[in-house]
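Since the structure comes first, as structure tokens, the remarks are kept for the end.
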Amino acid sequence: MKTFAERVRAVVRKISKGKTMTYAQVARAAGRPRAARGVGAIMRSNYDERIPCHRVVRSDGKLGGYNRGGTGRKRTILKKEGVYEW
DNA sequence: ATAATGACGTGAT
DNA sequence: AATCACGCCATTA
């Protein structure tokens, strides 16, 4: 059975380099428009390198967290990938 | 199964 | 612009 978490991971894996999606958008793409927070919970508990979870940001323009190096690391990676919003 | 936790979002102060 | 209060929801204990 496909869990919500698996679908979320699938979505995030598709985000191209240099682009970003908000937690809300991911939630919507995964079929749960109101589960933005749930997406965060999944990302937090995900340690798979293959998933570019650093490309998922908050709707209010802030970065959101990162369990593998902190928000500082996240910002650095995004900048390196061409996301100059920050 | 229930309660606590928090990488969220929106609207009200 | 910054904070607060609430609702929402998957994960974890």
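Because only heavy atoms are used, hydrogens play no part in the values below, and waters and symmetry mates are left out as well, while side chains stay in. Proteins get letters first, then strands, A, B, ... in listed order; numbering begins at 1 in each.
Protein atom NZ of A:Lys62 is 13 Å distant from nucleotide atom P of B:dT10, rounded to whole Å. Computed from coordinates, the A:Met43 CE to B:dC8 C1' distance equals 13 Å when rounded to whole Å. One atom, CE of A:Met21, and another, C1' of B:dC8, lie 14 Å apart when rounded to the nearest Å. At whole-Å resolution of the value, CG in A:Asn67 and C1' in B:dG6 are 13 Å apart. Rounded to whole angstrom, the span from the CZ atom of A:Arg28 across to the C1' atom of B:dC8 amounts to 15 Å.
Within the nucleic acid shown, A:Phe4 comes within 4.0 Å of sugar-phosphate atoms alone, with no base atom in reach, counting heavy atoms only. Using a 4.0 Å heavy-atom criterion, one finds that A:Ala5 contacts the sugar-phosphate atoms exclusively.
Interface residues of residues 30-39 of chain A facing DNA chain C, ordered by number: A:Arg32, A:Arg34, A:Ala35, A:Arg37, A:Gly38; criterion, heavy-atom separation under 4.0 Å.
Contacts of A:Arg13 classified as salt bridge (charged side-chain N to carboxylate O under 4.0 Å, His left out), with partners at least two apart in sequence or in another chain: none. Residues that satisfy the side chain to side chain contact (heavy atoms under 4.5 Å, CB included) test with A:Lys14, not counting sequence neighbours, are A:Ala10. Residues passing the side-chain hydrogen bond (donor to acceptor under 3.5 Å, both in side chains) test with A:Arg68, sequence neighbours excluded: A:Glu49.
The distance from atom CE of A:Met21 to atom SG of A:Cys53, rounded to the nearest 0.5 Å, is 14.0 Å. Distance NZ/A:Lys74 to CG/A:Leu78: 7.0 Å, rounded to 0.5 Å. Expressed to the nearest 0.5 Å, how far CZ of A:Arg55 lies from OG1 of A:Thr22 amounts to 15.5 Å. In this structure, NZ in A:Lys62 is found 11.5 Å from OG1 in A:Thr71, a value given to the nearest 0.5 Å.
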Please tabulate, for the side chains in residues 34-47 of chain A, all donor-acceptor contacts under 3.5 angstrom to protein atoms that are two or more places apart in sequence or on a different chain.
{"unit_1": "A:Ser45", "atom_1": "OG", "unit_2": "A:Ala41", "atom_2": "O", "d": "3.1"}
{"unit_1": "A:Ser45", "atom_1": "OG", "unit_2": "A:Ile42", "atom_2": "O", "d": "3.0"}
{"unit_1": "A:Asn46", "atom_1": "OD1", "unit_2": "A:Asp48", "atom_2": "N", "d": "3.4"}

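Put simply, chain A comes within 4.0 Å of DNA chain C, heavy atom to any atom, from C:dG7 to C:dT12, going 5' to 3'.
Taking 3.5 Å as the limit, the base of B:dA7 and the side chain of A:Tyr66 contain no donor-acceptor pair of atoms between them.
Residue A:Glu81 is tested with A:His54, A:Lys19, A:Lys17 for a side chain to side chain donor-acceptor pair (under 3.5 Å); the sole match is A:His54.
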